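Here the structure is a predicted model, which is why all the values come from computation and not from measurement. Here is the naming used below: chain letters follow the sequence lines, and residue numbers restart at 1 for every chain.
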There are 2 protein chains.
Amino acid sequence: MPEPMQNGAFPAPSHDHDRCVRQAVAHAEQVCADRDLRLTPIRRRVLELIWTNHQPSKAYDLLEAIRGEPFSTAPPTVYRALDFLLDAGLIHRIESLNAYVGCDARHVAGSPMFLICRGCDRVAELPGTGVGKAIGRAAKRAGFAVDQETVEISGLCGGCADDA
Amino acid sequence: MPEPMQNGAFPAPSHDHDRCVRQAVAHAEQVCADRDLRLTPIRRRVLELIWTNHQPSKAYDLLEAIRGEPFSTAPPTVYRALDFLLDAGLIHRIESLNAYVGCDARHVAGSPMFLICRGCDRVAELPGTGVGKAIGRAAKRAGFAVDQETVEISGLCGGCADDA
DNA sequence: CGGCGCGCGTTATATTATTACATTCCGTCC
DNA sequence: GGACGGAATGTAATAATATAACGCGCGCCG
Ligand SMILES: [Zn+2]
Ligand SMILES: [Zn+2]
Ligand SMILES: [Zn+2]
Ligand SMILES: [Zn+2]
């Protein structure tokens, strides 16, 4: 029988990843249509490249990846696409890695939290609900008004722990 | 009457900051003595510079600050001192700012969380206890073994909210 | 003394990101 | 259709952050 998804966080090695990509692009189309944003060829391509796998992509690797394609390969090209995708909520920046991952919308509403596996370098996005509440309480006690939460957890995913 | 500390998180503008610095340096001496680490002149100086205020310091600003002092002003000088201080747990790196703040040990044991005010640019370090528990629960559900937690919250501190 | 490890100096380079300005593309209005 | 204006892209240069590689000097220990 097929391997189950590992609790829905890190996808099993055998999962249908093309489906992840198709879904991500379809979702992006939808979002852009709804909000009157333009998913131009560069932007779509960068999104696809980011979704090549579940590992965070570095800006200059993306730049390298579009060599030979009919786009400029100067840094602003990719940084502009990244800015657009970030603004549109289609990707996230992982601050502790200076890298970018596709948003899989598991956080639904509210801030996401990220699990970063140092074994396989994959990142899983989780709803940060419980964590967000705890943050809210701590912030309130300190008289602090929260704008944005950055929660990035490093460790070992289930698969990599089994390997060890 | 003197202004009270704002809930112990962000120090009041009028607080005795020299005391913060003295305490931080004294604590560093203690830690290094206990653990047989060497708080060399450069390392001590960088720590002092970081404690100049409660705002995060950028590596190259520290480098600039030691111009005229009898230290090399090449990047490795300051990065090496930062690495040492990070390893010793005397400072923290704020990933979302590429900057460094003194550890005020409010987190006691366990991972700290940081409140970053976009008004005054100060950073407060809080015990991440409740947040850490919530993270632990979410991670466990996802079959993920936590190594390191990065929790950085942007927003407005009490003082800056009052000004607005 | 001789070797060893650590801290530091020095030079060069890698990596990540932005500024500034020119050009092109596209929808809107006349 | 043609003029306009704003958004998107191209291009060149540079800024900001961080690391690699190598050598020297000094204290420690055998
Ligand atoms: Zn997938
Ligand atoms: Zn893994
Ligand atoms: Zn202070
Ligand atoms: Zn403030």
Side-chain angles (χ1 to χ4, degrees), chain A residues 28-29 31-33 35-50 55-88 90-101 121 150 152, chain B residues 28-29 31-33 35-50 55-88 90-101 121 150 152:
Chain A
E29 308 260 23
V31 164
C32 290
R35 291 193 247 162
D36 209 13
L37 300 173
R38 294 172 52 192
L39 190 62
T40 62
I42 292 184
R43 292 166 178 176
R44 173 194 308 261
R45 185 70 183 114
V46 169
L47 183 63
E48 280 173 11
L49 285 169
I50 285 175
Q55 286 143 15
S57 306
K58 311 281 265 174
Y60 276 71
D61 290 345
L62 295 169
L63 209 46
E64 189 55 34
I66 59 173
R67 266 203 196 300
E69 301 184 13
F71 304 117
S72 161
T73 54
T77 299
V78 70
Y79 280 105
R80 287 197 279 233
L82 291 171
D83 285 346
F84 170 85
L85 296 168
L86 285 167
D87 285 351
L90 297 170
I91 63 173
H92 297 288
R93 177 178 160 83
I94 305 297
E95 297 291 348
S96 54
L97 299 176
N98 297 331
Y100 306 84
V101 288
D121 295 324
T150 299
E152 302 176 4
Chain B
E29 308 259 23
V31 165
C32 291
R35 291 194 248 159
D36 208 13
L37 301 174
R38 293 172 53 192
L39 190 62
T40 62
I42 292 186
R43 293 168 176 176
R44 173 196 306 262
R45 185 68 182 117
V46 169
L47 182 64
E48 279 173 12
L49 285 168
I50 286 175
Q55 286 143 16
S57 305
K58 311 283 261 173
Y60 276 71
D61 290 344
L62 295 169
L63 208 47
E64 189 56 32
I66 58 173
R67 262 198 202 304
E69 303 184 11
F71 304 117
S72 161
T73 54
T77 299
V78 70
Y79 281 104
R80 288 197 277 232
L82 291 170
D83 285 346
F84 170 85
L85 296 167
L86 286 166
D87 284 351
L90 297 170
I91 63 173
H92 297 288
R93 177 176 159 87
I94 306 296
E95 298 291 349
S96 55
L97 299 175
N98 296 333
Y100 306 82
V101 288
D121 295 324
T150 299
E152 302 176 3

Residue A/Ile42, side-chain heavy atoms: nucleotide from C/dG7, D/dT9, D/dA18 that is nearest = D/dT9
If you check the B/Arg80 side chain, which of C/dT16, D/dA18, C/dG9 turns out closest?
-> C/dG9
Protein-nucleotide distance ([X], atom [atom1]; [N], atom [atom2]), rounded to Å:
{"X": "B/Arg45", "N": "C/dC8", "atom1": "CZ", "atom2": "P", "value": "15 Å"}
{"X": "A/Ile94", "N": "C/dA17", "atom1": "CD1", "atom2": "P", "value": "13 Å"}
{"X": "A/Asn98", "N": "D/dT17", "atom1": "CG", "atom2": "P", "value": "11 Å"}
{"X": "A/Leu82", "N": "D/dA8", "atom1": "CG", "atom2": "P", "value": "15 Å"}
{"X": "A/Tyr60", "N": "D/dT19", "atom1": "OH", "atom2": "P", "value": "17 Å"}
{"X": "A/Leu97", "N": "C/dT15", "atom1": "CG", "atom2": "P", "value": "16 Å"}
{"X": "A/Arg93", "N": "C/dA17", "atom1": "CZ", "atom2": "C1'", "value": "9 Å"}
{"X": "B/Asp83", "N": "D/dA18", "atom1": "CG", "atom2": "P", "value": "10 Å"}

If we only count heavy atoms from C-beta on, is the [X] to [Y] side-chain gap below 4.5 Å?
{"X": "B/Gln55", "Y": "B/Val101", "value": "no"}
{"X": "A/Leu49", "Y": "A/Asp61", "value": "no"}
{"X": "A/Thr77", "Y": "A/Ile66", "value": "yes"}
{"X": "B/Leu39", "Y": "B/Phe84", "value": "yes"}

Determine: side-chain N/O of A/Lys58 to OP1/OP2 of C/dT16, distance under 4.0 Å, yes or no.
-> yes
N/O (side chain, A/Arg43) to phosphate O (OP1/OP2, D/dA7) under 4.0 Å | no
A/Glu152 side-chain N/O to A/Ile94 backbone N/O, donor-acceptor pair under 3.5 Å = no
Do side-chain atoms of A/Ser57 reach the backbone of A/Leu62 as a donor and acceptor pair under 3.5 angstrom?
-> no
Describe the nucleic acid contact of B/Phe84 in one word from base, sugar-phosphate, nothing, applying a heavy-atom distance below 4.0 Å.
-> nothing
Value rounded to 0.5 Å, distance of CG in A/Leu97 from CD in A/Glu95 | 10.0 Å
Output the residues of residues 66-79 of chain B in contact with DNA chain C, where contact means a heavy atom of the residue under 4.0 Å from an atom of the strand; sort by number or write none.
-> B/Phe71, B/Ser72, B/Ala74, B/Pro76, B/Thr77
